[in-house]
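Working notes, structure below.
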Amino acid sequence: MAVFLTKDSKVLVQGMTGAEGARHTARMLAAGTEVVAGVTPGKGGQAVDFADRRLPVFGTVAEAAERTGADVSVVFVPPRFTRSAVEEAIDAGIGLCVVITEGVPVHDTIRFLARARAAGTTRVIGPNCPGLISPGQASAGIIPADITTAGRIGLVSKSGTLTYQLMYELRDVGFSTAVGIGGDPVIGTTHIDALEAFQADPGTDAIVMIGEIGGDAEERAAAYIEERVTKPVVAYVAGFTAPEGKTMGHAGAIVSGSAGTAQAKKEALEKVGVRVGKTPSETARLMRELLGARS
Amino acid sequence: MDLYEYQAKQLFARHGVPVPPGRVAATPEEARSAATELAGPTVIKAQVKTGGRGKAGGVRPAPGPASAHTEAAKVLGMDIKGHTAETVLVERATVAFEEYYAAYLVDRANKTFLAMVSSEGGMDIEEVAATRPEALAMMPVDPARGVDAETAGLLAARAGLPAEVHAAVADVLVRLWRVMAEEDALLVEVNPLACTQDGRVLALDGKVTLDDNAAFRHDRDAFADAPAGGSAGLEARAASRGLNYVKLDGEVGVIGNGAGLVMSTLDVVAYAGESAGGARPANFLDIGGGASAQVMADALEIVLSDPDVRAVLVNVFGGITACDAVANGIVSALEMLGDRGLRHPIVVRLDGNNAEAGLAVLDAARHPLVRVVPTMDAAAELAARLAAA
Ligand SMILES: Nc1ncnc2c1ncn2[C@@H]1O[C@H](COP(=O)(O)OP(=O)(O)OP(=O)(O)O)[C@@H](O)[C@H]1O
Ligand SMILES: [Mg+2]
């Protein structure tokens, strides 16, 4: 089992005819993903050749979904077109929309997330994220498939390369799903959403959560863990030595009530019994200890 | 991008938010002539991109041109929370009968915008929010609808503002929302929003953060900072090559891919330094995803031009980035820099995509200053030790 993405997922790629889109489509295929189509406005009717198959390109998501049964979309379109691309996926009822694009204006993100919420049929992951992978089953995004194996750890992270680092450190134990939720201030799927899914997933035994400075998502995740998560969680927070960011107005602090520092996040997590590693490798070690103690 | 108060007020004026007339001055002389032009009492305000200026003595009344000169001389060069006041805003003094608070911001938790309005603005708004949250009205803003007259009226009422100012405040709230929406701002905060004896409502302060991701659809040239020297110069040089570089105060130069991994590397270096002569990271440098050899060469060049650096740690986990490209970048950078008397050791840790090919490239080059170490922790330890030696 896995969360959000399985071997049965049918993936379409918005922006597949672009260089990035094509390159990563090839990698997703190599990882065993059932990629069924590409979507590029104005290029409907074309096709793109990959190692062992030719994928059709449709002009709209709606048409691609209808003709191929796609239920996942991965978005590689440039920032200025991202909002309309995502809204197209939402309007077509795509169940999971993974937005890889970096540099999307926050106002656009808020607009398309409001649309997704109103429609109630699309989970958005990202933007500015590496996507997600259920090793051995499917990959939607840019997470390398060959650095880890299938297993029973769930991972959720804001940071792409730290995701890779931890997946690699624990490659012998393996992962059910690793979800890179992205580092933007506003994102579709949060730590809490991923924790909820991992808690419910019978294929996941334990959870690695990676956070970094800024905002209060980790503090909120800690509160959620205390209330709802019974599976063991190990966490890592990056940015203890990062210089303190300057804060402009009072508004941010009034709303979150948190300093957003790595220390504050670590303390919040430890307070609810989550063990927090000082380094990625210590975090991996803590996870091994936890799993060892259980078996 | 954070704006200076005077820039925020330019945006306010563009959208019809009333602000007192003012002029920017970089010298006491300029402040004097600005005060002469404005005629009447003024306030001299430090222009720094941080709050709490009033409490720090960076906002001073100046009844006339002579005192504008004197007060500007005190404020210019003043350090407020690590920000130096290079300019002052000379602004017409406005007697506030009442001070309110208004802000729009991005609410990360709820994935939307939030409006906050209070009848008790001024320099202690955080105190108000903490001790009497009921005095601060908070309302999510529907991103499609925005803040229209009806929403604004509701906000004014919920904030407990006196009925006779509702209409004037609501009008300002609608215009401030236009600043937020049309300028792609992440924060628009006015504290205080002043109400004068004769019932006029105007923004005495302005804190605006613009979304850099939206720069492509705005003309923001006027807000660009002048190029600076020193470490700011290094940062500008890195930025012009598309590198995300932040100067820190240690001796171990750090280069990595991905903000999270680089931040983590800084931490690991600092821990290693605790037991190795106190070495600390000298910088943050993220070469990003899919970096080429050229990018790696640029990165090394920037880090090595920092005179504080005594050892460099290159920590790359190849996801999209291919480790052989990173290795080639290191080798070509070393060739380029060789003539300049390069003498600091470079500790390299490569893992992931094409790591073996990358290690083979470094091995073949056999550069005397390059040390390859298999893990992140061991690499950080060696770099910290070499920097402290
Ligand atoms: N033009 C003006 N005329 C009269 N008084 C002013 C004027 N501008 C500011 N003030 C007073 O000075 C105080 C501090 O100024 P301002 O709010 O601009 O700076 P600040 O201290 O940095 O703000 P904050 O504490 O919100 O970060 C205001 O609360 C206001 O009472
Ligand atoms: Mg103020």
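Below, chains carry the letters A, B, ... as their sequence lines are ordered, and counting in each starts from 1.
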Top contributor to chain A contacts, counting heavy-atom pairs under 4.5 Å, from B:Met180, B:Met376, B:Met263 | B:Met263
Closest heavy-atom pair, A:Asp108 versus B:Arg217, reported as atoms and distance to 0.1 Å, is OD1-NH2, 2.8 Å
Between A:Tyr168 and B:Phe317, how do the two ring planes meet: parallel, tilted or perpendicular, split at 30° and 60°?
-> perpendicular
Within the side chain of B:Lys111, is there an N or O that forms a donor-acceptor pair under 3.5 Å with the backbone of A:Ile110?
-> no
Portion of B:Asn257 that has a non-hydrogen atom of chain A nearer than 4.5 angstrom | both
Measuring from B:Asn213:CG to A:Asn128:CG, what's the distance to the nearest 0.5 Å?
-> 7.5 Å
Considering only heavy atoms from C-beta outward, does the side chain of A:Pro144 approach that of B:Asn353 to under 4.5 Å?
-> no
Using a cut-off of under 4.5 Å on heavy-atom pairs, state which of B:Ala215, B:Gly352, B:Ala144 scores highest against chain A.
-> B:Ala144
Rounded to the nearest 0.5 Å, what separation is found between the CZ atom of A:Arg117 and the OG1 atom of B:Thr112?
-> 6.0 Å
Closest approach of A:Leu162 to B:Leu261 (non-hydrogen atoms, all atoms of both residues) | CG-N, 3.7 Å
Quick one: of B:Asp184, B:Asp142, B:Val262, B:Val316, who has the most non-hydrogen atom pairs under 4.5 Å with chain A?
-> B:Asp184
In terms of heavy-atom pairs under 4.5 Å, which option from B:Ala109, B:Ala270, B:Ala181, B:Ala214 contacts chain A the most?
-> B:Ala109
Exercise: do B:Tyr271 and A:Thr241 side chains pair donor with acceptor under 3.5 Å | no
Count the heavy-atom pairs under 4.5 Å between each of B:Gly260, B:Gly256, B:Ala130 and chain A, then report the option with the highest count.
-> B:Gly260
Are side-chain heavy atoms of B:Val268 and A:Pro280 found at a separation under 4.5 Å?
-> yes
Atom CD of B:Glu134: over 12 foreign heavy atoms under 6.0 Å = yes
Checking B:Asn110 against chain A: side chain, backbone, both or neither under 4.5 Å from a heavy atom?
-> backbone
So, the part of B:Asp267 with a heavy atom under 4.5 Å from chain A: the answer is both
For the residue pair A:His107 and B:Ala185, what are the closest heavy atoms and their distance?
-> NE2-O, 2.7 Å
